[in-house]
K.L.:
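Could you have a look at this structure, given as structure tokens, before my questions?
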Amino acid sequence: MSTMVKLRLPDGRVLEAKIGESILEQIPPESGLVAKVDGKLVDLTWIVREGVGTIEVLDFNSPEGRETYWHTSSHILAQAVKRLFPEAKLGIGPAIEEGFFYDFDLGGKSFSPEDLERIEEEMRRIVKENLPVVREEMDREEAIKLFKSMGEVYKVELLEEMDEDVVSVYRQGEFVDLCRGPHLPYTGYVKALKVLHASSAYWKGDERNPVMQRVYGISFPTEEELKRYLKMREEARKRDHRIVGPQLDLFSMPSEVIGPGLVIWHPKGARIRRVIEDFLVRVHLKWGYELVYSPHIAYTNLWRTSGHLNYYRDFMYVFEKEGIEHAVKPMNCPFHILVYKSKRRSYRELPMRLFELGTVYRYERSGVLHGLLRARGFTQDDAHIFTTPEKLEEEIFRVIELDEYLMRSFGFEEFKVEISTWDPRHPEEYMGSEEDWNRAQSALEEALRKKGYEYEVMEGEAAFYGPKIDVKLVDSIGREWQLSTIQLDFNLPKRFNVTYVDANGSEKTVIMIHRALLGSIERFFGILLEHYAGNFPLWLAPVQVRVLPVAERHLDRAREVLERLLNAGVRADLDDARGTLGYRIRESELEKVPILLVIGDREVESGKVAVRRKGKGNLGSMDLEEFLRGFMEEFLPPDLRGGSSTF
RNA sequence: GCCCCGGUAGCUCAGCUCGGUUAGAGCGCCGCCUUGGUAAGGCGGAGGUCGCGGGUUCGAAUCCCGCCCGGGGCUCCA
């Protein structure tokens with residue numbers, strides 16, 4: 001008896017599949033890239049069998065389709081390299097989030113930019129040859145023999161580590177690679193490709209292993225998509241905070257003079273930072289946090305008590321005075337604990353929330369430094385919450401609410417949430433009892449559920465001392481950034497003996513929550529800068545309004561207008577009227593000043609101001625007071641808006 | 001930390017392959033002229049230990065070595 005097998009095309013049409021024929025033969029030409037049968041991905045050349053469920057054909061719009069596309073592209077890359085550099089030994093070549101790479105051992109050599117161009121040309125040739133990509137299964141032993149005969153030592157190594165008895169290889173023309181698949185049916189399916197750059201990486205990511213040359217590439221079904229991607233890359237490059245920041249005179253990192261990973265905040269950057277920090281402080285006070293300060297240095301012993309020293313010593317700046325070892329603080333937790341422990345605490349005082357803009361220094365390895373995003377000195381919006389187990393879930397909920405409020409205030413709308421839990425198979429690797437962990441993890445999940453968030457559970461990703469929630473946000477050009485982290489800690493309360501007296505008069509150990517929502521001010525600032533490409537919203541702009549006299553004879557009136565703006569609390573400055581009007585407007589545009597008030601003969605006479613909004617052009621003239629009323633809300637930080645104006 | 005690539009004026013870059021006048025350009029800066037109505041007015045000028053140190057050479061921005069700093073990766077990210 002034969003059941004019907006259905007074949008669903010990417011456009012939603014459903015065909016009846018013919019048993020014994022390949023999928024490829026039954027669908028319109030190049031209408032799909034790969035297929036999913038009963039949850040398993042198969043090549044389009046797969047022969048339809050009886051008794052399988054619906055076959056779903058996938059195209060480039062699906063993650064699996066893209067992955068297959070890029071995976072085959074990586075094989076084309078490897079084939080091109082083998083043609084041009086027969087002595088190259090193949091490493092691995094996966095699809096990645098965007099595009100693909102392939103690793104090669106060139107015996108100590110590396111690829112020049114000209115090599116990369118030649119490789120790209122050769123890849124195009126392979127595409128043009130439209131070679132069939134053929135899957136072949138063989139015994140592992142047979143495969144080892146095959147790759148040994150080709151001198152592919154890394155493939156042999158991979159094979160020897162595998163458990164499977166039967167492995168698959170894929171052939172296209174003269175090229176053969178060990179690969180699980182699936183792949184596109186022909187190399188000609190790849191329409192537009194680009195070799196992006198080369199770099200080096202260690203075999204299996206281990207620096208004791210040989211260095212491989214990693215070549216990155218990208219490919220798309222159409223030239224337009226490739227062009228759009230390259231444009232977007234260019235856009236991302238232009239937004240790079242390391243370029244835009246100094247360009248807008250916000251900050252600099254003169255590492256030759258002060259050392260790597262350290263930031264100098266220039267006046268305009270400092271203005272923005274101050275606005276952000278003031279906002280944070282007000283909001284935290286409103287949300288029931290207390291503001292504290294702690295020193296930048298302390299005896300190294302403090303971190304011995306916290307247990308950080310063993311693990312963290314290499315990251316700490318340590319020095320000696322009067323025979324005692326001191327360290328610059330790499331984190332604020334112990335100080336906040338000391339605030340808590342300065343007296344005996346009752347359950348009535350909990351939860352206690354201590355907040356500090358805590359500047360810390362960590363000796364990050366030089367290779368990981370990256371502008372503001374990974375610096376050696378940075379300021380955390382750090383808080384430690386001491387709570388009873390009963391209040392834990394509600395407290396987590398509140399932290400998440402605050403986090404969402406902050407993110408939305410800064411213009412981020414899209415989030416991704418992850419919970420890192422322990423690995424229940426290895427409880428011995430974690431601090432705390434199974435009850436502790438289960439209660440804590442369900443508190444985290446329950447809080448997220450109540451908030452209506454979707455989240456991903458990363459089992460085994462928790463730190464030994466407690467589970468955590470990480471929040472990533474998505475920026476204006478679709479990139480994801482890890483920002484907020486909310487971590488439970490069963491460890492420090494025990495080490496420092498952090499307790500409270502409960503309703504029955506008995507002493508209990510608190511549960512501690514570490515949380516940094518923006519993460520670090522520096523990092524967040526860098527992300528904001530890239531998110532807005534330097535065009536900060538009005539409430540964050542370092543100069544909100546520039547008064548721009550048409551000629552020097554308008555300077556007096558311009559000064560009056562400036563004074564009115566400053567008195568109203570607006571961050572405003574004055575253009576000095578030197579040079580042509582067009583030139584000065586251009587200057588202000590490049591400086592990304594959001595609003596220009598142009599003052600000429602007409603304005604002096606009428607007492608009005610001509611308003612120009614960046615990106616929108618001339619908005620026409622209006623009365624100065626009318627202008628202030630119209631824009632004041634936008635000038636203010638989100639928490640100060642609505643009603644009581646300050647002028 | 002490791003691998004590869006790089007460092008020339010405040011910025012972006014040319015010159016380096018093959019050593020040889022006084023190291024160039026654009027932007028910015030300064031001065032003068034221009035008093036201009038919504039993204040570049042004109043003319044002139046100043047500005048450089050060619051990342052730092054050493055070596056080779058009659059002679060080094062250029063070739064060699066070491067170091068510092070940056071970039072792309074790997075790794076790390078309590």
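All values below were derived from every heavy atom in this structure, side-chain atoms included, with hydrogens, water molecules and symmetry-related copies excluded. A, B, ... follow the sequence lines: proteins, then strands. Residue 1 opens every chain.
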K.L.:
Hey, which of these two, A:D601 or A:M212, hits RNA chain B nearer its 5' end, going by closest nucleotide?
P.N.:
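The residue whose closest nucleotide sits nearer the 5' end is A:M212.
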K.L.:
What distance, rounded to whole Å, do you find between the two P atoms, one in B:G28 and one in B:G71?
P.N.:
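So the two P atoms sit 27 Å from each other.
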K.L.:
Heavy atoms under 4.0 Å, any strand shown: does A:R374 hit a base, just sugar-phosphate, or nothing?
P.N.:
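Base contact.
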K.L.:
Applying the Watson-Crick and G-U wobble criteria at under 3.5 Å, what pairs with B:A46? Answer none if nothing qualifies.
P.N.:
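Matched B:A46 with nothing under the 3.5 Å cut-off.
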K.L.:
Does B:U56 pair with anything, Watson-Crick or G-U wobble, both distances under 3.5 Å, and if so, with which nucleotide?
P.N.:
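The base-pairing partner of B:U56, which may sit in any strand shown, does not exist here.
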K.L.:
Choosing from B:A39, B:U38, B:G73, which nucleotide comes nearest the side chain of A:A610?
P.N.:
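Side chain of A:A610 sits closest to B:U38.
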K.L.:
Find the partner of B:G70: check Watson-Crick (N1-N3 plus N6-O4 or O6-N4) and G-U wobble (N1-O2, O6-N3) distances, both under 3.5 Å, and reply none if neither fits.
P.N.:
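Across any shown strand, B:G70 pairs with B:C5.
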K.L.:
With a 3.5 Å cut-off and heavy atoms only, can you find an N or O donor on one side and an acceptor on the other between the side chain of A:Y202 and the base of B:C2?
P.N.:
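By the distance-only test, yes, there is a pair.
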K.L.:
Of all the choices, B:U38, B:G36, B:A78, which nucleotide is nearest to the side chain of A:R612 once you look at every atom?
P.N.:
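Output: B:U38.
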K.L.:
Mark yes when over 12 heavy atoms from residues, nucleotides or ligands other than A:Q380 sit less than 6.0 Å from its CD; otherwise mark no.
P.N.:
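Yes, enclosed.
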K.L.:
Any donor-acceptor pair under 3.5 Å joining the side chain of A:R586 to the base of B:U38?
P.N.:
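Check fails, no donor-acceptor contact within cut-off.
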K.L.:
Measure from the side chain of A:V368, starting at C-beta and using heavy atoms only, and say which of B:G1, B:G73, B:A39 lies closest.
P.N.:
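So the side chain of A:V368 is nearest to B:G1.
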K.L.:
Please state the P separation for the pair B:U17 and B:C65 - nearest whole angstrom.
P.N.:
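B:U17 and B:C65 have their P atoms separated by 15 Å.
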K.L.:
Nearest-nucleotide wise, let me know which of A:I599 and A:E364 is further upstream toward the 5' end of RNA chain B.
P.N.:
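So the residue in question is A:I599.
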K.L.:
Nearest to the side chain of A:Y583 - B:A40, B:A78, B:G37?
P.N.:
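The answer is B:A40.
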K.L.:
From the options B:U35, B:U38, B:C69, select the nucleotide whose nearest atom is closest to the side chain of A:I585.
P.N.:
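In terms of side-chain proximity for A:I585, the closest of B:U35, B:U38, B:C69 is B:U38.
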K.L.:
Just to be sure I understand the rule, does A:G367 reach a base, reach only the sugar-phosphate, or reach nothing, if contact means heavy atoms closer than 4.0 Å?
P.N.:
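Base: the residue A:G367, judged by heavy atoms under 4.0 Å, touches a nucleobase.
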K.L.:
Here's a test for you: under side chain to side chain contact (heavy atoms under 4.5 Å, CB included), which of A:V471, A:L517, A:I527 qualifies with A:L483?
P.N.:
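Only one option passes, and that is A:I527.
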K.L.:
Whether A:K329 engages the ring of A:F335 as a cation-pi pair (distance to the six-membered ring centre under 6.0 angstrom, angle to the ring normal within 45°) should be assessed.
P.N.:
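Flagged: A:K329 positioned over aromatic ring of A:F335.
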K.L.:
Using Watson-Crick or G-U wobble geometry with both distances under 3.5 Å, which nucleotide pairs with B:U38?
P.N.:
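Its partner is none (no Watson-Crick or G-U wobble pair with both distances under 3.5 Å).
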K.L.:
Determine which nucleotide pairs with B:C18, using a 3.5 Å limit on both distances of a Watson-Crick or G-U wobble pair.
P.N.:
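Pairing partner: none.
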K.L.:
When you measure from the side chain of A:S200, which nucleotide among B:G73, B:A78, B:U35 comes out closest?
P.N.:
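Of all the options, the side chain of A:S200 is nearest to B:G73.
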K.L.:
Quick one: which residue pairs count as a salt bridge (charged side-chain N to carboxylate O under 4.0 Å, His left out) with a foot in residues 512-532 of chain A, not counting sequence neighbours?
P.N.:
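Sorted pair list: A:R273-A:E522, A:R479-A:E530.
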K.L.:
With respect to the side chain of A:H370, which nucleotide from B:C69, B:G72, B:G73 is positioned closest?
P.N.:
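Taking heavy atoms from C-beta onward, the closest nucleotide is B:G72.
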K.L.:
When the C1' atoms of B:G70 and B:C18 are considered, how many whole Å apart are they?
P.N.:
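Their C1' atoms lie roughly 29 Å apart.
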K.L.:
Regarding B:G37, can its base be found pairing with the side chain of A:E603 as donor and acceptor, where the two atoms are less than 3.5 Å apart?
P.N.:
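Side chain to base: pair found, below 3.5 Å.
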